[in-house]
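Index from 1, following the sequence. As the structure lists them, so they are numbered: ligands from 1, and atoms in each ligand from 1.
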Amino acid sequence: MYEAVVGLEIHLALDTESKIFSAAKADSFGEAPNVNIDPISLGLPGTLPVVNERVIDKAIMFSLAVNCDVPDTMQFHRKHYFYPDLPKNYQISQYDRPVGEHGFIVLENGKRIGITRCHIEEDAGKSVHPTYADYSLVDLNRTGAPLIEMVTEPDIRTGDEAREFLTKVRAIAQALGVSRANPEEGKMRADVNISVHLPDQPFGTKVEVKNLNSFQSVERAIEFEQKRQTRLIEAGGAVQQSTLGWDEGGQKTYLMRVKEGEADYRYFPEPDMPPIVISQEWLAKVCSETPELPDAKLERYLALGVRDDDAKLIAYNVDVATVFDAAISTYADNPQALANWLNSDIQGWLNGSGQSWQESSLQPAHLASLVKMIDAGAISGRTAKDILPEVMTGRAPEQLVEERGLKQMTDTSAIAKIVDEIINANPKIAANVAENPKAINALLGQVMKASKGKAKPDVVRALLQEKLGVVDAV
Ligand code: ADP
Ligand code: MG
């Protein structure tokens, strides 16, 4: 059985105000074409790049987070190629002195995926090919936007592993605030290198599938290529080193070009920029600004007793983790209940309303007090669910409970009065309970209804049992 061998090249758009070498705005998502451009990003003659220090900070932070060594000196190189959306005819990138090298990320099964290097580079513009038009257009907004490119060792073997790796990279980038890393906005793109071999044989010839913009396409492309290459080899053919595209509609790869060699790029050191020395003080400053990483969050949540699957959902989504952390800081007694609310009812409400965590008006302290009131027996879980939609719009649960008189009845004598009324009104059922203990549930339901859901069910059950002389009615 031929096994797939996969290495990824991942581009992350850095989340900075300005571009990598000029003051033009970096993020143009959703904007009109060619509005965020300036002489430097256009590469006009006579302009000189000045590096944005925040780009270096973020690239160092990310490199360290994925266990890379950050050298004391790094350098920019020019990578030459002609393309209509690359006005300078070269891209300022890094080559043999990148910001990070020799890193790794550990998958859940304990497997280490090696990271060859992380380098900083500028993005190119975008060619637009309008349908039914006999011309193409160029949008240079993205030109000079800062990117990190991360290259992995060929350590990945399956589509599943690739997806898990990408999910981790996204979670890390988001937790650090380095990149929004959402493929939908083009802030995370992956090229996938794939070959197949028999496990005891040397690696085969690889192909590169370009610019996959969803994790699912990455997974599918790997599965597709594994089958295609296996069939080709088994039929006596050979894989040709080439660059492929992914046809989303047809769910298959197609040939774009036979791969160019590295020599074609004529890399040389960027003469307009000196090598950048990264001092120990600079590294220390970046370390001190580095937020908690998803794996560390996961460990912390597990130590609080949160179930594994819930802890993961929260730890790997920085927006949820932010709410969770704020909620446990106001109410630390029941982290699992807070996690349940976040992962089920609240996530469900957000899905239904099409809101993101960032857009929602939920106050973490409100979630905390909701759970606290349930734990204290002040409101029922049912009541909490009923008021959740309003809590999601920013209203305080205590206030809603107060206004509407939703507090549970804690006064046993008041509940006992209702229990008596229901027993008297249903003599037949009451008489039947001794023989059929389950009949008590019918009475319980009626008491709950009569109390408008405010009586505590376990108190009601105990009172019914006591009054009807039943020991265990379950
Ligand atoms: P190239 O010279 O074609 O750029 P590199 O050796 O720089 O190739 O590797 C580019 C990417 O391809 C890396 O992610 C690497 O892990 C991956 N890769 C290298 N060899 C193979 C292989 N035989 N099969 C699959 N992926 C590979
Ligand atoms: Mg290479």
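Atom numbering of ligand 1 starts at 1 in the shown order; those under 4.0 Å from a heavy atom of V5 are 24 (N), 25 (C). Ligand 1 places these atoms under 4.0 Å from at least one heavy atom of L8: 14 (O). Within the listing of ligand 1, atoms 16 (O) sit less than 4.0 angstrom from a heavy atom of E153.
Under 3.5 Å, the side chains of D308 and Y301 contain no donor-acceptor pair of N or O atoms. At a cut-off of 3.5 Å, with distance as the only test, a side-chain donor of S136 or H129 sits close to an acceptor on the other residue. Counted by atom type alone, E121 and H119 present one or more donor-acceptor pairs between their side chains at under 3.5 Å.
At under 3.5 Å, a nitrogen or oxygen of P154, whether backbone or side chain, sits near a nitrogen or oxygen of ligand 1. Between G204 and ligand 1, a contact under 3.5 Å exists for at least one N or O pair. The shortest N or O to N or O distance between E9 and ligand 1 is not below 3.5 Å.
Within the 4.0 Å heavy-atom criterion, both parts of N193, backbone and side chain, lie near ligand 1. Neither the backbone nor the side chain of E208 has any atom closer than 4.0 Å to an atom of ligand 1 (non-hydrogen atoms only). At a heavy-atom distance under 4.0 Å, no atom of D155 approaches ligand 1.
Stacking of K88 on the aromatic ring of Y90 is recorded, both the 6.0 Å distance cut-off and the 45° axial limit being met.
Ring orientation note: the planes of H80 and F268 are tilted relative to one another, at an angle of 30° to 60°.
In this structure a side-chain-to-backbone donor-acceptor pair under 3.5 Å is present from K168 to V106.
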